[in-house]
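What you see is a predicted model, and the numbers here were worked out from it, not measured in a lab.
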Amino acid sequence: MTIDLSLRSTPFTEVRLLADIGATYARFCIEPAPGQFEHVAVLPCSDHAGITEVIQAYLTTVPELKPRHGAVSIANPIQGDQVRMTNRDWAFSIKEVQQQLKLSTLLVVNNFTALAMALPGVGPQGRLQVGGGAPQANGVIGLLGPGTGLGVSGLIPSGDRWTTLATEGGHVNFAPSDEREMRVLQHAWKSMSRVSAERLISGPGIELIHQALSAGRELSTAEIVQRALQHDAACVETLEVFSGMLGSMASDVALTLGATGGMYVGGGIVPRLGPLFAQAIFRERFEAKGRMSDYVARIPTYVLTAENLVFQGISTLLSDHVPDAGGSHPLLERVRASVATLSPAERRVANFVLDNPRTALNDPIALIAHGAEVSQPTVIRFCRSLGFQGLADFKLKLGSGLTGTLPVQRTQVRRQDGTADLCAKVLDNTISAIVQFREALNVDAVDRAISLLREARRVEFYAMGNSAIVALDAQHKLFRFRISSVAHTDPSMHSMAAELLGPSDVAVFISSSGQPPELSRAAGLALERGAKVIAITASQSPLARKSTVCIPVEHSEDASTFVSMISRILHLLVVDMMSVGVAVRRLPSASIGSEVPADGQQQPAPGVLISHVE
């Protein structure tokens, strides 16, 4: 995540509620514009019966503000609608809290997932480096932080984006590194059968460490810190042990994640310890990894000092779930404008979608129907009333940020990627490009091209280089439809072949860039001879300007440097669309140029079976 400072002066259409709820305290703010956190307040969780009550208590302090979108980070794993907090006896339904607070959007995420999302935007002024090491470009970033518990997360680079890891790594088994830590572990075993890392590397853990080192004497974490400042030997030793444990745990996380982009320490304790945080001990234990010591020594470690990082993280996550800066949801606005024209039952579906757009996007039809209190066929009728083919078509338009289109998310394949990651990235890049092409497809141009092919006496395909295989594929398909066709893939033959075309012929030119002069020259000759020219290429290219019909394919690939891949797939799809169109509009025994009968019974060419056609 990078923070665009130019957006800070652009206010949201509606203010947003942000909350960071831990086991002890809940922090709140109102965000009127990106990165602007106002009306910050801290409320003790123990004063309230549940999450709804503590949020309502905060909202009463800002009665003039009525946020409709909110995001909450909590110190707990999020697995579905029902949440039961680990370190506080609160349990709730996200959907019910959203309804009780009258929010259009309520996003609930793990607090360390939110904090991790803010890390790429943290500069030197927001962190304190402990020890040596330097971050590796595009390296995985690790994060851990002791508070009431021990949060663990990470960020994995994915092209120009980051993927956050929602983990419960603080609950791994604690492993002592020396005899003193073994004494602490043995003391903890007296009261618990299993000791996880967060039992000791946390606020309550500091108290437990002190008890083990001082013959059971009980002090609160605040008292231990205060006495350490006064050079109390047992309290100073407690914080040294705590720092060493944290260093070992940090290097364990770094090794597990391969966190060559750096390890960050956040949470509510370490940044507040100041000089009491034993930096030398922390870094010494971080690098004490035996055969892997050289590896971890190159990884930098940082203590986070910037303010409002969790707010920044959940703000970034929330931005993917609510309208853009202009407050525009084209599809949702279309639903809202159509409510008055819908039947009463369809209107219930519309209201459900407007109130729960993410649920409508992600849930199956049975749950949508149940939520709207209608039948499943009513959900389908609602979609068709708005002009969609069905629920799947409606969800496609609703997807990814609810902007009405699906953006291309290109993920760069890297040399270190395993085979599984490589395959996933190639597939994802191709799927994203196909979805974008679907949204931008000029259907009228495809229809005109199909009409030209149906009337053609002869069809010739012209291509070169990587597009040659597409021309051969197209020639094969049309020949199976009993249409005289040929593919020319030798550039030196293009002009000579084009000169032989006549008024009843169609020439189809296929090119990713539309720039090769051989193709443009041949297209011009074809037009001079009276032939029709179909161009499958970039819309503003020289080749497109020489065409009768241009089916634009706007996917840019540097063919001079790389082998074109995705554009070839898109060209093959255009060929398939035209082929299917020709197939379904021709009679079994029709000659070229025959008309479709009045009864509209259209069938493919004789002897041809083609997918997509019933």
Side-chain angles (χ1 to χ4, degrees), residues 1-3 16-31 34-37 40-43 45 51 54-55 58 67 69-80 83 85-88 90 92 94 97-98 103 105-122 126-127 140-158 161-170 198 253 257 261-271 302 304-322 358:
M1 178 201 71
T2 56
I3 302 170
R16 301 177 182 182
L17 168 69
L18 305 180
D20 176 23
I21 298 180
T24 308
Y25 294 100
R27 298 179 67 244
F28 297 92
C29 77
I30 295 294
E31 186 182 25
Q36 294 183 14
F37 308 121
V40 177
V42 180
L43 302 180
C45 294
I51 188 171
V54 72
I55 295 175
Y58 170 73
H69 307 288
V72 176
S73 69
I74 65 171
N76 211 76
I78 309 298
Q79 297 175 330
V83 178
M85 294 185 67
T86 304
N87 293 317
R88 175 154 290 281
W90 286 359
F92 59 93
I94 298 174
V97 172
Q98 177 183 349
L103 294 173
T105 307
L106 177 60
L107 177 67
V108 180
V109 299
N110 175 269
N111 61 337
F112 264 72
T113 298
L115 181 57
M117 187 53 99
L119 294 183
V122 176
R127 67 193 186 196
V140 174
I141 295 174
L143 170 69
L144 79 165
T148 305
L150 177 62
V152 177
S153 186
L155 280 176
I156 298 176
S158 180
R161 302 171 67 88
W162 293 91
T163 299
T164 58
L165 294 177
T167 83
E168 290 300 315
E198 83 160 19
V253 174
L257 298 181
M263 278 297 306
Y264 287 78
V265 178
I269 295 178
V270 175
Y302 306 98
L304 291 168
T305 58
E307 296 182 353
N308 299 321
L309 284 176
V310 173
F311 287 160
Q312 187 65 64
I314 55 177
S315 171
T316 301
L317 294 168
L318 180 60
S319 294
D320 291 335
H321 293 74
V322 295
R358 283 284 150 184

Report task. May I have the step-by-step check of side chain to side chain contact (heavy atoms under 4.5 Å, CB included) for V152 and E198, ending in yes or no? Result -> CA-CA 10 Å; V152 177; E198 83 160 19; over 6 Å; no
Report task. I would like to know whether V54 and F28 meet side chain to side chain contact (heavy atoms under 4.5 Å, CB included); could you show each step before the answer? Result -> CA-CA 10 Å; V54 72; F28 297 92; 4.1 Å; yes
Query raised in the report: Under the side chain to side chain contact (heavy atoms under 4.5 Å, CB included) criterion, do L107 and V72 qualify, and how do the steps go?
Result: CA-CA 6 Å; L107 177 67; V72 176; over 6 Å; no
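By the ring pair (Phe, Tyr, Trp, His ring centres under 6.0 Å) test, F92 pairs with no residue at all, sequence neighbours left out. With sequence neighbours excluded, the residues that form a side-chain contact (heavy atoms from CB on, under 4.5 Å) with L304 are L115, L119, V122, L143, Y264, L309. Taking A75 as the reference, N111 meet the side-chain contact (heavy atoms from CB on, under 4.5 Å) condition, with sequence neighbours excluded. With sequence neighbours left out, the side chain to side chain donor-acceptor pair (under 3.5 Å) criterion links R88 to no other residue. N76 meets the side-chain contact (heavy atoms from CB on, under 4.5 Å) test with I74, V83, M85, T86; sequence neighbours excluded.
Rounding to the nearest 0.5 angstrom, the gap separating the CG atom in L317 from the CE atom in M117 is 4.5 Å. To the nearest 0.5 angstrom, I314 atom CD1 is 11.5 Å from T113 atom OG1. In this structure, the separation between SG on C29 and CG on L17 is 7.5 Å, given to the nearest 0.5 Å. Once rounded to the nearest 0.5 Å, the distance linking CD of Q36 with CZ of F311 reads 14.5 Å. In this structure, CG on L165 lies 13.5 Å from CZ on F112, to the nearest 0.5 angstrom. T105 OG1 to L103 CG: the interatomic distance, rounded to the nearest 0.5 Å, is 8.0 Å.
Between P146 and G266 the shortest heavy-atom distance is CD-O, 3.8 Å. Across every non-hydrogen atom of C45 and A26, the tightest pair is SG-N, 3.8 Å. What you find for Q312 and G35 is that their closest heavy atoms are OE1-CA, 4.0 Å.
Counting only residues at least two apart or in different chains, side chain to side chain donor-acceptor pair (under 3.5 Å) contacts with residues 18-31 comprise D20-S73, T24-T148, R27-N308, E31-S315.
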